[in-house]
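In what follows, every chain begins at residue 1, and chains take the letters A, B, ... in the order their sequences are listed. Every heavy atom of this structure was used, including side-chain atoms; hydrogens, water molecules and symmetry mates were not.
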Amino acid sequence: MNQPCFHCGLPVKNANYQAELLGSCQSFCCTGCKLAALTINDSGLADFYSYRDQFSENAEGFQQKDINDFKIYDDPDIQEGFVHTSDNQQNFSLQIEGITCAACVWLIEHSLQQLPNVNNASLNLSNHRLSIDSASPEHNISNIFATIQGLGYGAKPWKPGNHQHLEKTQKDFLIRIGISGIGMMQVMMNTFAIYLGNIEPEFESLLRWASLVLTLPVFFYAAIPFYKAALRDIKSRHFGMDVPVSIALILSFIPSVWATITESGDTYYESVVMFTFFLLVGRYLEFRSRLRLDQSGDGLDDLIPAFAHIIKDSTINDIASIKLVTGDIIEVRPGEQLPADGEVISGESQINESSITGEFNPVTIKPGQLVRAGTINTDGLFQMKVSQAGHQSTVSQMLTLLEKASSQRPKIAELANKGASYFVLMVLFLSIVTGLVWLYIDPDKAFWVAVSVLVITCPCALSLATPVSITSSITALRKLGILLTRGEALTELNKVTTVVFDKTGTLTKGEFSISEIINLSDLSEEKLLAIAASLESHSEHPIARAFVSDTHLQLSQTDVVTNKGVSGVLNDIEYRIGSIDFCLENNLKAPDNRQWIALSDTSNQKLLAWFQINDVVRADVDVLIDKLKSMNLKIQLLTGDPSNEGNRLGELLQLDSVQTGLSAKDKFNVIQKLQQNGESVLMIGDGINDALALSVANTSIAMASGTELSKNSADFILLNHQLIPVFYCIKVAKKTSTIISQNLSWGLLYNIIALPFAMMGVVTPWMAAIGMSFSSLLVVFNAMRLTKTIKK
Amino acid sequence: MNILYLLIPISIIFLSLAIAGLIWSIKKGQYDDLDSPAHRILFDDDEHMMPGNSKKKTDESNE
């Protein structure tokens, strides 16, 4: 029985990490969590553990940086852009990662406020942004970063960009909604007195004037977005929903004002304010569903390390990566990310290029070879000459390409709005006809009947139909562990005909593990694994992480040989693990052409075991593929891995087509070609090399474990490391489109029923108001069913 | 009923105050984070202020 880690809740695999905490002995899953918990306890904030209602995120991922790595943030050049300094006061915002509940907010705020120079720290739970006011002595900012990391969270500088604009829009929306909401309540109160009927004309006039005053801010301020959009639509001759909305607003308001002044006819103030309020709420929901997750900086920050070791006059100094120029000589140490593109001049190592190609099988590099920024050096030390740094580097250019691709994405037509706007134009026409007909019947009433036709058929329910449905499906998806970043994607997902998967990191877990052991010795498998794991614990190579064992053996004379393997001595026997020619002198061959790691007793020249190292397929892949097939979707696999692995997987899962060895650009082309053949493509991926494909596909899903870049280009993000939610996405999309069409039909039906009555001139303003609010509420309630029905 | 001539203008004044207050609070960012304040109140970090809670007192004196 594995007990959960005290800090993050992951199962505890061995008893190596324990600590005395809160009066009893607690177990942890890794050093990261243990350190975080001890730090929290030492700052006197252990109450955190009783306040939180969810486990924290695993802390190890956030603790890989050395305290010195943060020193870079004390550099004024780096601070520029995110720190505002005035009167010896610094103000800046950080984006915090790893926040799971409100207790995290409490913890971070309290521990930062304990720091000597921090005057105020406040963390926003909605957008995970921490705002700090502090005095500005040296090393202050690096200290703050280090503190946050110590608690088991990640921090990144937050630079206002596009987002500030969105935030302003959001506040704007709230103010408009507030004004129209308050206006609606009061106008309703006034008009109710009129509805009741027994009111002296003198007071009726007073109430009308009061309503007019209350409607003014709603009509002239709150409803401005509709007029603006309508004007834009008219200019571009593309009729959306805003034109009929504005017409309905203006044609209900102006006659009401006239009626108030002349003390005749009907007033429709309550319809104007209610209409504005409902529509604004609908628009606000739509806007929120479009709001992407917080994106900090320009994305490049995640891809290249903050600083580099530059070699000048045979001394090594640390400088900010952005200051590197062509021709600089830099040193790259084991486990570090490359800060720039360049050529290796001395040293030898293996490079993990997964950030560029998506494949994590390391590539061997030698002097003269070109390496790219953003890739990770595994085990050797080497020096390189910078050829392209910063925005000239390959990763940065991929970013530019990506921006272009996402702007080229096929525009999604404003669903439903088209049909609805035709309907409303028809209503406009009908109301004119009604007015003309009534001119013959009763010229005094003609104008008011025409106005009531307009008001009763106003497209309120119609224009609410889509946004409320999308908003409630976003809630439904979030409960299933899926983040929807672009609301319209739901309607696209419904039309998908082909599903394209990436292999590494998507269908597979994206990390090495042992899939098979061939034991050639008389030792037990556990013993072999223990030796292997103890040897590999000295290596930074990604393969090393595949070897896990509960027993840690103390080896002596360990030596890591770049590109070969690891050797060490235990009980006077030298063991070696790695490639076969490193382990033994005779020319043995691996069992087959898959990737095998040998373990040998070199002292006796005896081969002990073969470990087959493989990238394991996610557990729920076959279930998902079956479900997708039952929906008659074509399934393709596009992978950057040139090996036979892709084809093998394709055969195993019986996919429709497999293409291997593709670059990011190739994937992009394949998808474009599919689209040209009339397919609607859903792309599922995780790497930077998938980002282009993700942004060009009709709709896309990224794994939460993937790179920031791929998450930024995807419409859906799967939060819990499983693939089966892909199926839920499609299910929710189907359900949403059913609800949307129900809502639209109801909106139309209501209008068609109400229209004849209005044309006959029997509809009074109060009927119009009730009809409108009832039909709108019905649409909202129908949409709310979405959150409930999708549980299984 | 003549009182309406007084009451209705007063109601409009009150409403304007309410709207002014709303705009002020939105601009001050009070609606930015609607999640954490609800939980914040539940964190009993005032335990050390309660009489007879000596464990927390020592914590505080360390600060």
Side-chain angles (χ1 to χ4, degrees), chain A residues 42-48 50-53 99 101-107 109-110 113-114 122-129 131 167-168 170-183 185-187 189-190 193 199-200 202-203 206-207 209-211 213-214 216-218 221-222, chain B:
Chain A
D42 291 348
S43 9
L45 298 170
D47 282 343
F48 166 69
S50 51
Y51 295 157
R52 67 177 184 181
D53 45 24
I99 290 179
C101 66
C104 301
V105 173
W106 177 85
L107 174 68
E109 285 181 359
H110 276 73
Q113 269 152 12
Q114 288 177 358
S122 72
L123 176 58
N124 184 328
L125 182 61
S126 310
N127 56 19
H128 298 180
R129 196 173 312 141
S131 148
E167 247 157 52
K168 223 189 136 278
Q170 175 155 7
K171 285 187 176 172
D172 226 53
F173 255 123
L174 282 177
I175 292 176
R176 288 180 208 277
I177 290 175
I179 289 176
S180 57
I182 291 176
M185 287 190 279
Q186 199 55 34
V187 171
M189 213 124 94
N190 291 345
I199 193 162
E200 290 154 52
E202 177 193 359
F203 291 116
L206 171 69
L207 288 173
W209 276 104
S211 304
V213 171
L214 291 165
L216 284 175
V218 178
Y221 177 71
Chain B
M1 284 291 267
N2 284 334
I3 191 73
L4 279 183
Y5 283 111
L6 177 68
L7 291 181
I8 287 183
I10 288 182
S11 80
I12 292 177
I13 291 171
F14 272 125
L15 277 183
S16 347
L17 288 179
I19 290 176
L22 181 79
I23 294 176
W24 172 81
S25 59
I26 291 174
K27 289 207 165 143
K28 280 270 286 193
Q30 298 199 12
Y31 287 83
D32 287 357
D33 182 5
L34 298 175
D35 304 319
S36 73
H39 295 271
R40 218 176 274 250
I41 189 85
L42 299 172
F43 301 150
D44 302 317
D45 47 5
D46 52 357
E47 265 173 46
H48 58 276
M49 292 185 225
M50 292 178 205
N53 224 331
S54 55
K55 179 187 142 257
K56 294 282 164 163
K57 266 181 193 154
T58 48
D59 272 5
E60 203 184 20
S61 59
N62 288 341
E63 276 178 9

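Rounding to the nearest 0.5 Å gives a distance of 10.0 Å between CD1 of B:I19 and CD of A:Q186. B:I23 CD1 to A:I179 CD1: the interatomic distance, rounded to the nearest 0.5 Å, is 4.5 Å.
For B:F14, the CZ atom is loosely surrounded, since the number of other residues' heavy atoms within 6.0 Å does not exceed 12.
Residue contact with chain A, scored on non-hydrogen atoms closer than 4.5 Å, involves the side chain of B:S11 exclusively. For A:L45, no part lies under 4.5 angstrom from a heavy atom of chain B.
Scanning both residues, A:K171 and B:G29, for their nearest heavy atoms gives NZ-CA, 4.1 Å. Between A:A210 and B:I8, the shortest heavy-atom contact is CB-CG2, 3.3 Å. Closest of all the heavy-atom pairs between B:L4 and A:L206 is CB-CD2, 3.8 Å.
Of the listed residues (A:P217, A:A103, A:S50), the greatest number of heavy-atom pairs within a distance under 4.5 Å of chain B belongs to A:A103. Residue with the most contacts toward chain B among A:L123, A:I182, A:L214: A:I182 (heavy-atom pairs, distance under 4.5 Å).
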- Task: Determine, step by step, whether B:K27 and A:I175 satisfy the side-chain contact (heavy atoms from CB on, under 4.5 Å) criterion, reporting the C-alpha distance in whole Å, the side-chain angles of both residues, the deciding distance to 0.1 Å, and the verdict.
- Result: CA-CA 9 Å; B:K27 289 207 165 143; A:I175 292 176; 4.2 Å; yes
